[in-house]
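First comes the structure, then the notes that go with it.
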Amino acid sequence: MNLFSDIRALVVESLEAMVGEGALPEGLSFDNVTVEPPRDAAHGDMATNAAMVLAKPAKQKPRDIAEALAARLLADARIVKAEVAGPGFLNLRLDTGVWAGLVETVLTTDGYGQSTMGAGQKVNVEYVSANPTGPLHVGHTRGAVFGDALASLLEYAGHVVTREYYINDGGAQVDVLARSTYERYREALGHTPEIGEGLYPGDYLVPVGKALAELKGDVWLDQPESVWLDEVREYATAQMMDLIRADLKSLGVEMDVFFSEKSLYGTGRIEAALAALDAKGLIYEGVLAPPKGKLPEDWEPREQTLFKSTDHGDDVDRPVKKSDGAWTYFAPDIAYHFDKVERGFDALIDIFGADHGGYVKRMKAAVSALSDGKVPLDVKLTQLVKLFKNGEPFKMSKRAGTFVTLRDVVDQVGPDVTRFVMLTRKNDASLDFDFDKVLEQSRENPVFYVQYAHARVHSVLRKADALGVTLVDQPALVDEAELAVAKKLAEWPRLVEIAARTHEPHRIAFYLYELASEFHALWNRGNDKPELRFLQEGDLAATAAKIALPRAVAVVISAGLGILGVTPAEEMR
RNA sequence: GCACCCGUAGCUCAGCUGGAUAGAGCGCUGCCCUCCGAAGGCAGAGGUCUCGCGUUCGAAUCGCGACGGGUGCACCA
């Protein structure tokens with residue numbers, strides 16, 4: 001149920017009738033006809049641009065079309081007013097009964113706002129994908145929250161979603177992890193660890209080294225790397241993934257698939273992916289032209305195996321093999337995305353940190369080539385999170401060991417606040433995260449503000465329950481403030497579809513803030529007008545009718561917070 | 001030098017596949033608790049949407065070009 005699409009259907013129906021009568025010419029496209037909430041509530045409840053869009057192709061004046069359309073729409077019981085305004089807008093006023101009906105729908109429909117837009121399409125959302133070399137930090141947190149909310153949003157809009165994490169366990173950095181762990185292993189056996197430049201100094205490896213010492217004894221002491229590297233790497237990587245899984249769980253993020261990069265090596269899968277590209281004539285041996293502008297110090301032309309990504313929108317072709325014949329990091333990435341394509345997803349979404357913006361074009365080129373342009377890949381970049389403490393920038397240094405982990409954030413402010421705050425900004429805008437402000441209980445803090453609205457509803461419900469009110473689903477809407485809330489509720493399904501289509505979960509957070517705002521306004525109006533209070537003294541029937549609206553608000557807030565992965569609070573503490 | 005992202009009120013930011021007089025919070029001014037949770041609400045002041053050209057009935061939104069900020073730019077993953 002989406003009131004806006006219902007009314008749009010009515011508009012299109014009316015336009016078709018006009019065509020049938022010869023009032024409009026045949027063959028018009030109504031695709032661009034929209035029915036939207038007007039910017040200014042004084043303009044009415046909904047506005048359609050039909051007359052302006054059709055004026056040119058129909059060779060008629062917008063005003064004439066609008067007036068003919070208005071006359072038809074008024075025949076529908078739902079439309080009480082239709083007036084032409086501005087350059088040719090048709091402003092519609094809906095019958096109060098429509099809004100009451102909407103509130104009833106919210107209360108009686110299972111999953112009001114859920115959409116079938118996705119039509120069961122299989123979507124793969126890959127996010128976090130941090131190197132398995134240590135705990136997740138703040139930057140990963142934003143990617144985790146964003147990816148998870150986007151995945152939920154797409155599910156809510158009718159897609160079948162797979163949440164996936166790509167483990168970069170095939171490259172040099174896991175060797176570094178192994179060497180770092182080895183030093184902790186030595187340390188556990190009483191030696192002084194030699195953690196030189198380029199090794200990971202974090203003490204999260206201390207227990208790993210200790211466990212290894214208990215497991216293996218001293219057999220690896222004073223042994224060359226060739227003896228222990230493989231085993232230590234495998235052990236440490238597994239430990240780090242356990243750590244990461246636990247970090248994610250503390251945020252409420254659970255992946256469906258953890259995909260190992262290493263599983264691509266030595267199994268012919270990279271070769272297969274490149275063979276697929278080769279079969280399309282997209283692999284060749286060649287020398288890349290040096291970049292324009294200042295040359296890198298050690299530039300020298302080299303012949304390499306290249307992927308002709310420029311055929312699919314990239315700026316330059318990309319090497320898939322190094323000059324020594326080994327794969328570049330890009331090769332397994334291609335194989336990984338080839339695997340996703342072969343698993344039959346209808347759409348792929350990758351979420352990267354903004355510092356990986358440079359890889360977007362080549363990944364899109366690869367997926368385009370591998371799927372013959374049939375599987376779209378959308379890459380969303382998440383910008384920096386700037387940390388503050390009491391208004392002051394929070395200094396982070398990896399060297400000094402003062403970098404802030406996901407755990408630090410979740411432990412201090414909790415998963416709900418972390419998630420909501422991370423979603424109060426567009427993904428491609430940087431985000432200020434102040435440890436004190438996010439816990440503040442004021443309008444300035446959207447988490448609190450939305451939760452407060454939800455808690456207020458439940459406060460009313462508790463009281464109503466104590467009074468013995470029997471709930472009814474038909475509201476009595478009279479005041480403008482009540483109607484304003486109902487109208488906001490009507491926007492919810494439409495907003496879900498817009499947010500899902502644009503892959504922008506932050507729109508949900510902003511909507512919830514607006515809904516909460518309308519609700520708080522109504523609440524306060526009860527101060528001046530006792531007849532607007534939800535609890536009507538001594539009148540259980542009136543109370544039941546009054547609390548239908550706040551109940552509907554709670555339903556939508558609860559659904560919206562659910563998408564964001566935030567628990568709706570029934571009480572503020 | 002090239003690519004991508006960003007530029008909206010004093011500050012932090014929304015702005016719907018292009019729609020009407022561009023919105024919210026903070027801050028500033030003034031109001032509202034014998035009343036369901038004032039942890040709230042109402043009202044006011046504050047704008048050449050960085051600039052220019054173009055497309056369009058209509059541009060903050062689309063295209064081109066400047067300017068300003070961020071990020072990334074051959075074998076490292």
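None of these values were measured; they are calculated from a predicted model. By convention in this document, chain letters (A, B, ...) are assigned in the order of the sequence lines, proteins followed by strands, and residues within each chain are numbered from 1.
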Using a cut-off of 4.0 Å on non-hydrogen atoms, how would the nucleic acid contact of [X] be classed: base, sugar-phosphate, or nothing?
X	answer
Ser323(A)	base
Val176(A)	nothing
Thr34(A)	base
Ala354(A)	sugar-phosphate
Gln383(A)	nothing
Lys426(A)	sugar-phosphate
Arg456(A)	sugar-phosphate
Lys361(A)	sugar-phosphate
Glu531(A)	nothing
Phe89(A)	base
Arg494(A)	base
Arg525(A)	nothing
Glu300(A)	base

Mind checking who [N] pairs with, Watson-Crick or G-U wobble, both distances under 3.5 Å?
N	answer
C16(B)	none
A45(B)	none
C51(B)	G65(B)
C11(B)	G25(B)
U34(B)	none
U71(B)	A3(B)

So which nucleotide from [options] ends up closest to the side chain of [X]?
X	options	result
Ala429(A)	G19(B), A14(B), A24(B)	A14(B)
Asn91(A)	A20(B), C36(B), G15(B)	A20(B)
Asn168(A)	A20(B), C16(B), A77(B)	A77(B)
Ala455(A)	G37(B), A74(B), C16(B)	G37(B)
Pro319(A)	C57(B), A74(B), A77(B)	A74(B)
Tyr449(A)	G37(B), G41(B), G19(B)	G41(B)
Val460(A)	C36(B), U17(B), G40(B)	C36(B)
His506(A)	A14(B), G19(B), G37(B)	A14(B)
Glu504(A)	C13(B), G19(B), G15(B)	G15(B)
Asp428(A)	C6(B), C76(B), A77(B)	C6(B)

Does [X] get its side chain close enough to the base of [N], under 3.5 Å, for a donor-acceptor pair?
X	N	result
Tyr359(A)	A3(B)	no
Asp333(A)	A77(B)	no
Arg425(A)	A14(B)	no

Whole-Å [atom1] distance, [N] and [M]:
N	M	atom1	value
C32(B)	C51(B)	P	41 Å
A9(B)	A60(B)	C1'	14 Å
C28(B)	G69(B)	C1'	29 Å
G23(B)	U8(B)	C1'	10 Å
U17(B)	G30(B)	P	42 Å
G72(B)	G54(B)	C1'	31 Å
C6(B)	G15(B)	P	11 Å
C62(B)	U56(B)	C1'	10 Å

Let me know the distance between CG of Leu288(A) and P of C73(B), rounded to the nearest Å.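 To the nearest whole Å, that distance equals 15 Å.
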For [X] and [Y], does a side-chain donor sit closer than 3.5 Å to a side-chain acceptor?
X	Y	result
Thr237(A)	Asp169(A)	no
Arg456(A)	Tyr452(A)	yes
Asp350(A)	His337(A)	yes
Ser115(A)	Glu497(A)	yes
His503(A)	Asp378(A)	yes

Starting from the C-alpha separation in whole Å, work towards a yes-or-no answer on side-chain hydrogen bond (donor to acceptor under 3.5 Å, both in side chains) for Asn168(A) and Tyr329(A). CA-CA 10 Å; Asn168(A) 286 107; Tyr329(A) 65 89; over 6 Å; no
Taking the nucleotide of RNA chain B with the closest heavy atom to each, which residue, Glu514(A) or Gln173(A), is nearer the 5' end?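 Counting from the 5' end, the first nearest nucleotide belongs to Glu514(A).
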Mapping Ile498(A) and Asn527(A) onto RNA chain B by nearest heavy atom, which one lands closer to the 5' end?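 Its nearest nucleotide lies further toward 5', so the answer is Ile498(A).
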Tell me whether the side-chain N/O atoms of [X] come closer than 4.0 Å to OP1 or OP2 in [N].
X	N	answer
Ser459(A)	G37(B)	yes
Arg501(A)	U17(B)	yes
Lys56(A)	C57(B)	yes
Trp523(A)	A38(B)	yes

Centroid distance under 5.5 Å and plane angle under 30°, His43(A) vs A20(B):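 According to the criterion (under 5.5 Å, under 30°), yes, His43(A) stacks.
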Compute the ring centroids of Tyr449(A) and Tyr513(A), then answer whether they are less than 6.0 Å apart.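 Yes, the ring centres sit under 6.0 Å apart.
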Before we go on, tell me: are the rings of Tyr166(A) and Tyr336(A) under 6.0 Å apart, centre to centre?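 Centroid separation for Tyr166(A) and Tyr336(A): below 6.0 Å.
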What distance do Gln60(A) atom CD and Ile65(A) atom CD1 have between them, rounded to the nearest 0.5 Å?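 The distance works out to 4.5 Å.
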